[in-house]
S.K.: 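Sharing a structure with you now.
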Amino acid sequence: MKRSKRIVMVSHCILNQNSVVKPLARAKGAFPISKIILEEGVGIIQLPCPEFKYLGLDRKPMSKEEYDSNDYRNLCRKLFNSICEDLQKYIESGYEFIGIVGINHSPTCSISGNMGIYMEEIFEILQSMNIEFKTFEIPTDYDENSSDENFEMEFRKFLG
């Protein structure tokens, strides 16, 4: 059996930039950082995109304050619940949950600074379950042409 038994959770748009609000997409498909996850032999849990589910593909760019409603927060929790059930099964089976990779300055998936709504809900759920995890965030200037050895080295360190 060749399983590494290590998994990481990534914001949807890391693997699918097609879901990003049109003027903000930074790659044709997946971010190049995805290759590093594959090279390190880490399994990927792709989080669903609440923005896409909530307003569709042709939505306009919005702020955290514009998204922040009970309906949107409920959707975020609902979308994460099934992911969380899967995560629990992995952990119970001895897998290492490395952590979550978010998107800086996203109203939904930002981790640092003004945390995104989805990440607020995810963190609350994971903390209530006493699930420990690390975080990593894709900076706003990262795109499909990015080649920064320090950034890639930090990401590899995050993956362990």
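When reading the values below, keep in mind they use all heavy atoms of this one structure, side chains included, and skip hydrogens, waters and symmetry mates. Numbers here simply count residues along the sequence, with the first being 1.
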S.K.: Apply salt bridge (charged side-chain N to carboxylate O under 4.0 Å, His left out) to the pair Arg77 and Glu124, showing each step before the final yes or no.
M.R.: CA-CA 10 Å; Arg77 281 190 294 275; Glu124 184 177 312; 5.9 Å; no
S.K.: Any side-chain heavy atom of Pro107 sitting closer than 4.5 Å to one from Tyr72?
M.R.: no
S.K.: I'd like to check Leu55 versus Met62 (side-chain heavy atoms, cut-off strictly below 4.5 Å). Are they in contact?
M.R.: yes
S.K.: Considering residues, nucleotides and ligands other than Lys78, do more than 12 of their heavy atoms fall under 6.0 Å from its NZ?
M.R.: no
S.K.: In Å, rounded to the nearest 0.5 Å, how long is the span from OG of Ser106 to CG of Leu24?
M.R.: 9.5 Å
S.K.: With a sphere of 6.0 Å drawn around NZ of Lys5, does it hold more than 12 non-hydrogen atoms of other residues, nucleotides or ligands?
M.R.: yes
S.K.: Do you know the tightest heavy-atom contact between Ala27 and Glu144?
M.R.: CA-OE1, 3.4 Å
S.K.: A side-chain contact here means heavy atoms from C-beta on lying under 4.5 Å apart; do Asp148 and Glu152 qualify?
M.R.: no
S.K.: Please report the closest heavy-atom contact between Leu79 and Pro50, naming both atoms and the distance.
M.R.: CD1-CA, 3.7 Å
S.K.: Can you give me the closest heavy-atom contact between Glu132 and Phe97, atom names plus distance?
M.R.: O-CD2, 3.9 Å
S.K.: Do Val101 and Ile122 share a hydrophobic cluster, counting only Ile, Leu, Val, Met, Phe, Trp and Tyr and linking them when any side-chain heavy atoms are less than 4.5 Å apart?
M.R.: no
S.K.: I'd like to know whether Ile98 forms a side-chain contact (heavy atoms from CB on, under 4.5 Å) with Glu96, so could you lay out the CA-CA distance, the side-chain angles of the two residues, the decisive distance to 0.1 Å, and finally the verdict.
M.R.: CA-CA 6 Å; Ile98 295 168; Glu96 175 192 358; 3.9 Å; yes
S.K.: Just by modelled atom types, is the Cys76 backbone N or O under 3.5 Å from a matching donor or acceptor in the Lys53 side chain?
M.R.: no
S.K.: In this structure, which one of Arg6, Lys89, Arg3 forms a side-chain hydrogen bond (donor to acceptor under 3.5 Å, both in side chains) with Tyr95?
M.R.: Arg3
S.K.: Counting C-beta onward and ignoring hydrogens, is there a side-chain heavy-atom pair between Ser110 and Glu137 closer than 4.5 Å?
M.R.: yes
S.K.: Regarding Arg73 and Asn70, is there a side-chain donor-to-acceptor distance under 3.5 Å anywhere?
M.R.: no
S.K.: Determine whether more than 12 heavy atoms belonging to other residues, nucleotides or ligands lie under 6.0 Å from atom CD of Glu39.
M.R.: yes
S.K.: Consider only side-chain heavy atoms of I, L, V, M, F, W and Y, link residues closer than 4.5 Å, and tell whether Ile44 and Leu47 are in one cluster.
M.R.: no
S.K.: Of the non-hydrogen atoms in Asp141 and Ser146, which two are nearest, and what is the gap between them?
M.R.: O-OG, 3.8 Å
S.K.: Distance check, rounded to the nearest 0.5 Å: Met115 atom CE versus Cys109 atom SG?
M.R.: 11.0 Å
S.K.: Please round to the nearest 0.5 Å and tell me the distance separating atom CG of Asn114 and atom CE of Met119.
M.R.: 13.5 Å
S.K.: Compare all side-chain heavy atoms of Glu40 with those of Ile36 and state whether any distance is below 4.5 angstrom.
M.R.: yes
S.K.: Hey, could you give me the OG/CG distance between Ser11 and Asn104, rounded to the nearest 0.5 Å?
M.R.: 11.0 Å
S.K.: Do Lys60 and Glu66 sit within salt-bridge range, that is, some charged N less than 4.0 Å from a carboxylate O?
M.R.: yes
S.K.: Does Ile83 belong to the same Ile/Leu/Val/Met/Phe/Trp/Tyr cluster as Ile117, with side-chain heavy atoms less than 4.5 Å apart forming each link?
M.R.: yes
S.K.: Could you tell me the separation between the CG atom of Asp68 and the OG1 atom of Thr108, rounded to the nearest 0.5 Å?
M.R.: 10.0 Å
S.K.: Does Leu87 reach the side chain of Leu126, with side-chain heavy atoms less than 4.5 Å apart?
M.R.: yes
S.K.: What pairs meet the ring-ring contact (aromatic ring centres under 6.0 Å, His included) rule with one or both residues in residues 103-137, with sequence neighbours excluded?
M.R.: Phe123-Phe133, Phe136-Phe151, Phe136-Phe155, Phe136-Phe158
S.K.: Should Tyr67 and Ile103 be counted in the same cluster of Ile, Leu, Val, Met, Phe, Trp and Tyr side chains packed under 4.5 Å apart?
M.R.: no
S.K.: Check whether Val8 and Tyr142 end up in the same hydrophobic cluster, where Ile, Leu, Val, Met, Phe, Trp and Tyr are linked by side-chain heavy atoms less than 4.5 Å apart.
M.R.: yes
S.K.: Measure the shortest side-chain to side-chain distance between Asp143 and Gln17 over non-hydrogen atoms and say whether it is less than 4.5 angstrom.
M.R.: no
S.K.: For Ser4 and Gly41, work out which heavy atoms get closest and say how close.
M.R.: OG-O, 2.6 Å
S.K.: Apply the test side-chain contact (heavy atoms from CB on, under 4.5 Å) to residues Ile131 and Ile91: give CA-CA distance (whole Å), side-chain angles for both, the deciding distance (0.1 Å), then the verdict.
M.R.: CA-CA 9 Å; Ile131 295 175; Ile91 292 170; 3.9 Å; yes
S.K.: Do the non-hydrogen side-chain atoms of His12 and Glu51 ever get within less than 4.5 Å of each other?
M.R.: no
S.K.: Please find the pair of heavy atoms, one from Ile14 and one from Ile138, that lie closest to each other, and give the distance.
M.R.: CD1-CG1, 4.0 Å
S.K.: For Leu15, does its backbone N or O pair with a side-chain atom of Gln46 as donor and acceptor, under 3.5 Å?
M.R.: no
